[in-house]
Engineer: 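Before we start, here is the structure in question, set down as structure tokens.
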Amino acid sequence: MQNPSKNFIQNEIEKFLKFEEVFLKEKIIISKFYVWPLIRQGVYELIFSHKNLSLGTSLDRKKNFDVLKILTSFLKNVFLFPKDLFSLKGIFKKSEILIINVSPKRVEIDGDYTNSSLWNLTQSLKNYEISVLNTQSVDLRIKGINKIDISYLLKIFTRLSKIFYLVDRQWKDSEKTFNEQVKKNYNLDLNWKDIYSQIFKRNQYTSFFVKLIIKFSKPKIIIYTDNGILNASINVAFNKKIPTVDFQHGLLSNYYVLYNHNQFIDQEYKNYLSDYYLAWGRFRLSSYNKYYLTRVGGNPFFDKKMKEYKFINKENKSILFISDGNTTKKALQELAFYLNQELDDYKIFYKLRPEEYQTWKEEYSLLQNISNRLRVIQDDHKDIYYYFKKCEFVIGTNSTALIEAIPFSEVLVYKKGWYFELEDYIAKNLMRDFESKEDFLNFFNSNISEIEKNKMSKLKSDFSKEIFCENSEEKINFEISKIIKTSISDE
């Protein structure tokens, strides 16, 4: 569905919360794990993708058959297997902190090959002995960090589990219940073999390695950026009385089902949820207090980029569009096309999502070869913060990037798709919102006084501390140290 309404999306979320109640009451247990917390996020994303409501990439997008890419991937996996096996020795190395990496991204930061969320933690906790459990097929290289790679092992086990699927009687019996409810409420046929292997079993396999690390490495705390596939590991940590911390990596939202739980969940279900949620700032954090112990740590990578691009000059009459995936793709590119035609003196940049880089010419035909004033950003040669600092305006519908852009540029929200997640930012005048293409055009053709610009700039500067707390490296270290001490004293 293109550009679904706010009410429609909200109703669909409520419908999902109602739909899951039967699984909370029946409480299906397989291999000592409560099944629904392990597969909940995956089932939700599959259902919403089928309904074309997902914030990410649609399930039915066409994939190009690229022989060279397949061969490259195969050779990469052949290389990964011995590397994974060799890295398992890290399980036996003593560590104070275990960080689980679930991000497939890799960037170079200060000579390390890492990602922003991981760098935030390793940079802030340098005084601790750290082990990183890498679940992704990305070659992380971080100085002074004990790294345990299990991505290829997880792939092997996950593929083998497709054979187990045929003979797993417990799962087969449970699948009937899940399938009946999905059919009844959504009239959908989900791929239960993939749910079993890619979600349920992979979740379990990851927890097996976490259990080994807890036994031999004896970490005092486990930190990660939760994406809904670590619930078995969280439960293992709970049973071993090791605190778990979910570090913020996206927009805080009451509509994000990962953190939006059913009113009927019991204590057993809560044992699959993180103990702590460590956020970038206080804004909106109170809505997470019901299920998590919330703390504020900040975002060191954001602080770093603020300093790095401090002296980049702002280019007047420049607009940066932020792609927000399939749901509002059509609306955003039509707006970019329209403004490019109408605003002769503006330069427009359109920043794609990484998963769109290879296929954008098929999906963004409207933006091809239309003007040298519109440039499609289809790589990461310059990061998004550079364009925040360079561009006068940033346009999007719903994205964490729009929040990060607030201190740099004037953020303009197109009221399409999941835009309503940003309504409180708009209400505080940190962003402007627009209903139509014509509303945007009228805004750009109007003359905004310097007094009004300075007033908004002052407001954003003052409020940014609520979104991104200051001294974040020290703050993260303080909060994690405090959690460790509290955990030890409770033993």
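What's counted below: heavy atoms across the whole structure, side chains too, no hydrogens, waters or symmetry copies. Numbering of residues begins at 1 and proceeds along the displayed sequence.
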Engineer: Using atom types as modelled and distance alone, determine if a side-chain donor or acceptor of K389 lies under 3.5 Å from a backbone N or O of N313.
Structural biologist: no

Engineer: Taking it one step at a time, do E14 and Q10 satisfy side chain to side chain donor-acceptor pair (under 3.5 Å)?
Structural biologist: CA-CA 6 Å; E14 290 302 319; Q10 289 176 323; over 6 Å; no

Engineer: Kindly check if the number of other-residue, nucleotide or ligand heavy atoms within 6.0 Å of NZ (K15) is above 12?
Structural biologist: yes

Engineer: Do F178 and F23 pass the ring pair (Phe, Tyr, Trp, His ring centres under 6.0 Å) test, and can you show the C-alpha distance, the side-chain angles, and the key distance before you say yes or no?
Structural biologist: CA-CA 8 Å; F178 293 129; F23 310 134; 4.9 Å; yes

Engineer: Decide yes or no on side chain to side chain contact (heavy atoms under 4.5 Å, CB included) for N445 and L343, but give the supporting numbers first.
Structural biologist: CA-CA 8 Å; N445 283 333; L343 300 173; 3.7 Å; yes

Engineer: Would a distance-only check, ignoring hydrogens and angles, find a side-chain to backbone donor-acceptor pair under 3.5 Å from K240 to K211?
Structural biologist: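 The answer is no, because no donor-acceptor pair under 3.5 Å joins these two groups.
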
Engineer: Do Y34 and N235 have side-chain atoms, one donor and one acceptor, less than 3.5 Å apart?
Structural biologist: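 No.
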
Engineer: Determine yes or no for a side-chain-to-main-chain donor-acceptor pair under 3.5 angstrom, with N191 supplying the side chain and D194 the backbone.
Structural biologist: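 Here the side-chain-to-backbone pair exists.
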
Engineer: When rounded to the nearest 0.5 angstrom, what is the spacing between CD1 in I223 and OH in Y276?
Structural biologist: 12.0 Å

Engineer: Dump the intermediate steps for side chain to side chain contact (heavy atoms under 4.5 Å, CB included) on V132 and L121, then the final yes or no.
Structural biologist: CA-CA 11 Å; V132 171; L121 297 170; over 6 Å; no

Engineer: How long is the straight-line distance from CG of L367 back to CG of L374, given to the nearest 0.5 Å?
Structural biologist: 5.5 Å

Engineer: Please name the residue in the list F468, Y425, Y288 that meets the ring pair (Phe, Tyr, Trp, His ring centres under 6.0 Å) test with F283.
Structural biologist: Y425

Engineer: If you take all heavy atoms of G42 and I199, which pair is closest and at what distance?
Structural biologist: CA-CD1, 3.7 Å

Engineer: Are side-chain N/O atoms of Y350 and Q333 paired as donor and acceptor at under 3.5 Å?
Structural biologist: no

Engineer: To the closest 0.5 Å, what do you measure between CD1 (I99) and CD1 (I221)?
Structural biologist: 10.0 Å

Engineer: Taking all non-hydrogen atoms of both residues into account, name the closest pair between I322 and L402 and its distance.
Structural biologist: CG1-CD2, 4.1 Å

Engineer: Using atom types as modelled and distance alone, determine if a side-chain donor or acceptor of S207 lies under 3.5 Å from a backbone N or O of Q204.
Structural biologist: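 It does hold such a pair.
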
Engineer: Determine the sole option in F440, Y338, F443, F393 for which the ring pair (Phe, Tyr, Trp, His ring centres under 6.0 Å) test with Y414 is passed.
Structural biologist: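 For Y414, the ring pair (Phe, Tyr, Trp, His ring centres under 6.0 Å) test succeeds with only one of F440, Y338, F443, F393, which is F440.
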
Engineer: On a heavy-atom basis, which atom in T135 and which in V102 lie closest, and how many Å separate them?
Structural biologist: OG1-CA, 3.7 Å

Engineer: With side chain to side chain contact (heavy atoms under 4.5 Å, CB included) as the test, pick out the partner of I377 among F349, Y357, F321.
Structural biologist: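 Answer after filtering F349, Y357, F321: F349.
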
Engineer: Please determine, by modelled atom types, if K184 and Q181 share a side-chain donor-acceptor pair under 3.5 angstrom.
Structural biologist: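 The criterion, which ignores hydrogens and geometry beyond distance, is not satisfied for Q181 and K184.
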
Engineer: Does a salt bridge link E356 with K329, judged by any charged N lying under 4.0 Å from a carboxylate O?
Structural biologist: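 Yes.
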
Engineer: Is the Lys NZ or Arg CZ of K437 less than 6.0 Å from the centre of F337's six-membered ring, within 45° of the axis?
Structural biologist: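 Relative to the ring axis of F337, which defines the angle, K437 lies outside at least one limit.
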
Engineer: Looking only at heavy atoms, what is the nearest atom pair of D226 and S274, with distance?
Structural biologist: OD2-OG, 4.3 Å

Engineer: So, the side chain of S253 versus the backbone of Y255: is there a donor-acceptor pair under 3.5 Å, distance only?
Structural biologist: yes

Engineer: Could you go through the side chain to side chain donor-acceptor pair (under 3.5 Å) check for N289 and T294 one step at a time?
Structural biologist: CA-CA 6 Å; N289 288 342; T294 57; 2.6 Å; yes

Engineer: Take N101 and K147 through the side chain to side chain contact (heavy atoms under 4.5 Å, CB included) test and state the conclusion after the steps.
Structural biologist: CA-CA 10 Å; N101 176 59; K147 184 165 60 77; over 6 Å; no

Engineer: Can you check whether K220's main-chain N or O pairs, donor with acceptor, with E96's side chain at less than 3.5 Å?
Structural biologist: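 Such a contact is absent between E96 side chain and K220 backbone.
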
Engineer: List for me each residue that meets side-chain contact (heavy atoms from CB on, under 4.5 Å) alongside V107, sequence neighbours excluded, and say none if there are none.
Structural biologist: I109

Engineer: According to side-chain contact (heavy atoms from CB on, under 4.5 Å), who are the partners of E334, at least two apart in sequence or on a separate chain?
Structural biologist: K330, L366

Engineer: Please walk me through it: do S233 and Y224 pass side chain to side chain donor-acceptor pair (under 3.5 Å)?
Structural biologist: CA-CA 11 Å; S233 298; Y224 44 80; over 6 Å; no

Engineer: More than 12 foreign heavy atoms under 6.0 Å from NZ of K482: is that the case here?
Structural biologist: no

Engineer: When you check the gap from the basic side-chain N to the acidic O, do K475 and E479 get nearer than 4.0 Å?
Structural biologist: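 Yes, charged N to carboxylate O under 4.0 Å.
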
Engineer: What closest approach, in Å, do S318 and Y346 show between heavy atoms, and which atom pair accounts for it?
Structural biologist: N-CD2, 4.0 Å

Engineer: Closer than 4.0 angstrom, basic N to acidic O: yes or no for K305 and E308?
Structural biologist: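 So K305 pairs with E308 through a salt bridge.
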
Engineer: Applying ring pair (Phe, Tyr, Trp, His ring centres under 6.0 Å), run through Y309 and F388 and close with a yes or a no.
Structural biologist: CA-CA 9 Å; Y309 294 127; F388 288 160; 9.7 Å; no

Engineer: To the nearest 0.5 Å, what is the distance between CG (L17) and NE2 (H261)?
Structural biologist: 10.0 Å

Engineer: Does a side-chain N-to-carboxylate-O contact under 4.0 Å join K416 and D324?
Structural biologist: no

Engineer: Is the backbone N or O of I130 less than 3.5 Å from a side-chain atom of S95, with the two atoms forming a donor-acceptor pair by type?
Structural biologist: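 Checking the backbone N and O of I130 against the side chain of S95, no donor-acceptor pair under 3.5 Å is found.
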
Engineer: Set out, in order, the CA-CA distance, both residues' side-chain angles and the distance that settles side chain to side chain contact (heavy atoms under 4.5 Å, CB included) for S323 and Y364, then state yes or no.
Structural biologist: CA-CA 11 Å; S323 172; Y364 288 89; 3.1 Å; yes

Engineer: Check whether the side chains of S124 and N120 place a donor and an acceptor atom closer than 3.5 Å, and report yes or no.
Structural biologist: no

Engineer: For the pair T244 (side chain) and I234 (backbone), establish whether a donor and an acceptor sit closer than 3.5 Å, ignoring hydrogens and angles.
Structural biologist: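 No, the answer is negative, given that no donor and acceptor are paired below the 3.5 Å cut-off.
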
Engineer: For the residue pair N442 and E438, confirm or rule out a side-chain donor-acceptor distance under 3.5 Å.
Structural biologist: no

Engineer: Check whether the side chains of Y387 and S409 place a donor and an acceptor atom closer than 3.5 Å, and report yes or no.
Structural biologist: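 No pair is found: no donor N or O on one side chain lies under 3.5 Å from an acceptor on the other.
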
Engineer: Does Y269 reach the side chain of N262, with side-chain heavy atoms less than 4.5 Å apart?
Structural biologist: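 Result no, sub-4.5 Å side-chain heavy-atom pair not found.
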
Engineer: Looking at every non-hydrogen atom in both residues, tell me the closest pair between I145 and T122 and how far apart they are.
Structural biologist: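 In terms of heavy atoms, the two residues are closest at CD1-CG2, 4.2 Å.
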
Engineer: Using only atom types and a distance under 3.5 Å, with no angle test, would you say the side chain of T206 pairs donor to acceptor with the backbone of R202?
Structural biologist: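 Side chain of T206 to backbone of R202, a donor-acceptor pair under 3.5 Å: yes, one is there.
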
Engineer: Nearest 0.5 angstrom please: H249 NE2 to N227 CG, how far?
Structural biologist: 6.5 Å

Engineer: Yes or no on side chain to side chain donor-acceptor pair (under 3.5 Å) for D439 and S436, after CA distance, side-chain angles and deciding distance?
Structural biologist: CA-CA 5 Å; D439 289 341; S436 67; 3.2 Å; yes

Engineer: Is there side-chain contact between L38 and Y272, with heavy atoms separated by less than 4.5 Å?
Structural biologist: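 Yes; the side chains approach each other to less than 4.5 Å.
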
Engineer: Please check: side-chain N/O of N134 versus main-chain N/O of V138, any donor-acceptor pairing under 3.5 Å?
Structural biologist: yes

Engineer: More than 12 non-hydrogen atoms from neighbouring residues, nucleotides or ligands closer than 6.0 Å to NZ on K27, yes or no?
Structural biologist: yes

Engineer: CZ of F33 to CZ of F200: how many Å apart, nearest 0.5 Å?
Structural biologist: 8.0 Å

